[in-house]
**Q** 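Structure incoming, see below.
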Amino acid sequence: MSQVDEVLAELAELEDPKFREANEKRGDDHGVNLSKLRAVAKRLKTQQDLARQLWATGDTAARLLALLICRPKDFSREELDGMLRESRAPKVHDWLVNYVAKKSPHAEALRVAWTADPDPVVASAGWALTTERVAKKPEGLDLQGLLDTIEAEMKAAPDRLQWAMNHTLAQIGIEHPAQRARAISIGERLEVLKDYPTPPNCTSPFAPAWINEVVSRRSA
């Protein structure tokens, strides 16, 4: 039995119908507890070849594991672009962007290309990388231009793209005082996620509330 087959067999043993039912409500077709998946990844450590082989299986749990044991800098820009376009399960998409693409030397080139992509799911990945830049490397970003685009397009954007654009809006308001009033104003006018159900002690994703909450917490 190959190492890939061994890992797939282990993942199959970890399959739990209750987790699958819960995950499928969010569009993720796997039933593996993520804490147990991380434990498998910790044991396997970084193995780029195995990561590529697990990804190639197309199995969602195997792909999540692949993203945990891969070496982000070893993927080419073309590989990452292809992987993103194959990532229709939300968790795979999120982990690919956050655990791999953000750490890639191709992150900026991908950010620009993905943001302009006509596929809203691909574009949402570009906005996620933009949010990262707004927070960590804003030099050279046209923040006013980003706010112009958000103001014009966020309200009508499909869910995943809308969520990503809203995160960028909130991050601009949080990190850049000179843009804060406009960011809050855009959020108040568009009312995106204003009524999103938020558990107690959690921050609302509604951008004006999110901005004010984080800013007040930082200044406390």
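Here the structure is a predicted model, which means the values were calculated and not measured. Hydrogens, waters and symmetry mates are skipped; everything else that's a heavy atom, side chains included, is used.
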**Q** Can you tell me how far the CG atom of Leu65 sits from the CD atom of Glu10, to the nearest 0.5 Å?
**A** 8.5 Å

**Q** Determine whether Leu44 and Gln3 make a side-chain contact, defined as any pair of heavy atoms from C-beta on separated by less than 4.5 Å.
**A**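 With C-beta onward as the side chain, the pair touches.
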
**Q** Counting C-beta onward and ignoring hydrogens, is there a side-chain heavy-atom pair between Glu132 and Asn98 closer than 4.5 Å?
**A**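 Not in contact.
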
**Q** Do Arg182 and Asp148 meet the salt-bridge criterion of a basic N to acidic O distance under 4.0 Å?
**A**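 A salt bridge is present here (some side-chain N lies under 4.0 Å from a carboxylate O).
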
**Q** Side-chain contact test, heavy atoms from C-beta onward, threshold under 4.5 Å: evaluate it for His93 versus Val121 and give yes or no.
**A** yes

**Q** Hey, any chance Leu34 and Val7 share a hydrophobic cluster, counting ILVMFWY side chains that come within less than 4.5 Å of each other, even indirectly?
**A** yes

**Q** Measure the spacing between CD of Gln47 and CD of Gln53 and express it to the nearest 0.5 Å.
**A**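 These two atoms lie 9.5 Å from each other.
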
**Q** Could you verify whether a donor N or O on one side chain and an acceptor N or O on the other, from Thr130 and Thr168, lie under 3.5 Å apart?
**A**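 Thr168 and Thr130 do not have a side-chain donor-acceptor pair below 3.5 Å.
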
**Q** Mind listing the closest non-hydrogen atom pair of Ala89 and Asp29 along with its distance?
**A**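 Closest pair (atom of Ala89, atom of Asp29, distance): CB-OD1, 4.2 Å.
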
**Q** State, with a plain yes or no, whether a side-chain heavy atom of Glu86 is found less than 4.5 Å away from one of Trp55.
**A** yes

**Q** Is there a side-chain contact between Leu54 and Asp59, using heavy atoms and a 4.5 Å cut-off?
**A** no

**Q** Is Asp119 salt-bridged to Arg88, going by a charged N under 4.0 Å from an acidic O?
**A** yes

**Q** Is the backbone N or O of Ile174 less than 3.5 Å from a side-chain atom of Arg180, with the two atoms forming a donor-acceptor pair by type?
**A**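 Yes; judged by distance alone, with no hydrogens or angles, the pair exists.
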
**Q** So do Asp16 and Val32 actually touch side chain to side chain, heavy atoms under 4.5 Å?
**A**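 No. Closest side-chain heavy atoms not under 4.5 Å.
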
**Q** Determine whether Leu169 and Val192 satisfy the following criterion, side chain to side chain contact (heavy atoms under 4.5 Å, CB included), listing intermediate values before the conclusion.
**A** CA-CA 11 Å; Leu169 174 64; Val192 168; over 6 Å; no

**Q** Is it true that, when you exclude Asp159 itself, more than 12 heavy atoms of the residues, nucleotides or ligands shown sit nearer than 6.0 Å to its CG?
**A**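 No, not enclosed.
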
**Q** Looking only at heavy atoms, what is the nearest atom pair of Thr198 and Pro205, with distance?
**A**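 Looks like OG1-CD, 3.6 Å.
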
**Q** CD of Glu78 to CG of Leu110: how many Å apart, nearest 0.5 Å?
**A** 8.5 Å

**Q** Do Ser104 and Arg77 have a side chain donor and acceptor closer than 3.5 Å?
**A** no

**Q** Would you mind checking if Lys18 and Glu21 are paired as a salt bridge, meaning a charged N to carboxylate O distance below 4.0 Å?
**A**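 So Glu21 does not pair with Lys18 through a salt bridge.
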
**Q** Under a 4.0 Å N-O cut-off, is there an ion pair linking Arg133 with Glu139?
**A** no

**Q** Considering only NZ, NE, NH1 and NH2 on the basic side and carboxylate oxygens on the acidic side, decide whether Glu175 and Arg218 come within less than 4.0 Å.
**A** yes

**Q** State whether the side chain of Gln171 and the backbone N or O of Thr131 hold a donor-acceptor pair below 3.5 Å, judged by distance alone.
**A**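 Checked: no pair found.
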
**Q** With a 3.5 Å distance limit and no angle check, can you tell me whether Arg111 reaches the backbone of Leu129 through a side-chain donor-acceptor pair?
**A** no

**Q** So, the side chain of Gln48 versus the backbone of Arg71: is there a donor-acceptor pair under 3.5 Å, distance only?
**A** yes

**Q** Treat each ILVMFWY residue as a node, draw an edge where side-chain heavy atoms are under 4.5 Å apart, and state whether Val4 and Leu64 are in one component.
**A**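 Looking at the clustering, Leu64 is in the same group as Val4.
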
**Q** Compare every heavy atom of Leu193 with every heavy atom of Asn166, then report the nearest pair and how far apart it is.
**A** ND2-CD1, 3.5 Å

**Q** Is there a side-chain contact between Lys73 and His106 in this structure, where contact means two heavy atoms from C-beta onward sitting under 4.5 Å apart?
**A**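 With C-beta onward as the side chain, the pair stays apart.
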
**Q** Begin with the C-alpha distance, continue with both residues' side-chain angles, and end with the deciding distance and a verdict on side chain to side chain contact (heavy atoms under 4.5 Å, CB included) for Leu37 and Leu14.
**A** CA-CA 8 Å; Leu37 189 78; Leu14 294 175; 5.8 Å; no

**Q** Indicate the atoms forming the closest heavy-atom contact of Ala51 with Ala66, along with that distance.
**A**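 It is O-CB, 3.3 Å.
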
**Q** Centroid-to-centroid, Trp210 to Tyr196, below 6.0 Å?
**A**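 No; Tyr196 has its ring centre 6.0 Å or more from that of Trp210.
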
**Q** Step by step, work out the side chain to side chain donor-acceptor pair (under 3.5 Å) result for Thr57 and Arg63.
**A** CA-CA 8 Å; Thr57 67; Arg63 284 186 162 181; 5.8 Å; no

**Q** Does Ala181 offer a backbone N or O that forms a donor-acceptor pair with the side chain of Ser185 under 3.5 Å?
**A** no

**Q** Same hydrophobic cluster for Trp127 and Leu190, using side-chain heavy-atom links shorter than 4.5 Å among ILVMFWY?
**A** yes

**Q** Strictly distance-based, threshold 3.5 Å: is any side-chain N or O of His176 a donor or acceptor partner for the main-chain N or O of Val134?
**A** yes

**Q** Inspect the contact between Arg85 and Asp81 and indicate whether a charged nitrogen and a carboxylate oxygen are less than 4.0 angstrom apart.
**A**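 Yes.
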
**Q** Going by heavy atoms in the side chains, are Phe75 and Met83 under 4.5 Å from each other?
**A**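 A side-chain contact under 4.5 Å exists here.
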
**Q** Just verifying a value: how many Å separate Arg26 CZ and Lys91 NZ, rounded to the nearest 0.5 Å?
**A** 7.0 Å

**Q** Does the pair Glu188/Lys194 count as a salt bridge with the N-to-O cut at 4.0 Å?
**A** no

**Q** In this structure, would Phe206 and Met165 fall into the same cluster of hydrophobic residues linked by side-chain contacts under 4.5 Å?
**A** no

**Q** Would you name the heavy atoms of Ala128 and Ala164 that are closest together and state the gap between them?
**A**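 Here Ala128 and Ala164 meet closest at N-CB, 4.4 Å.
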
**Q** When you measure from the side chain of Gln162 to the backbone N and O of Lys155, does any donor-acceptor pair fall under 3.5 Å?
**A** yes

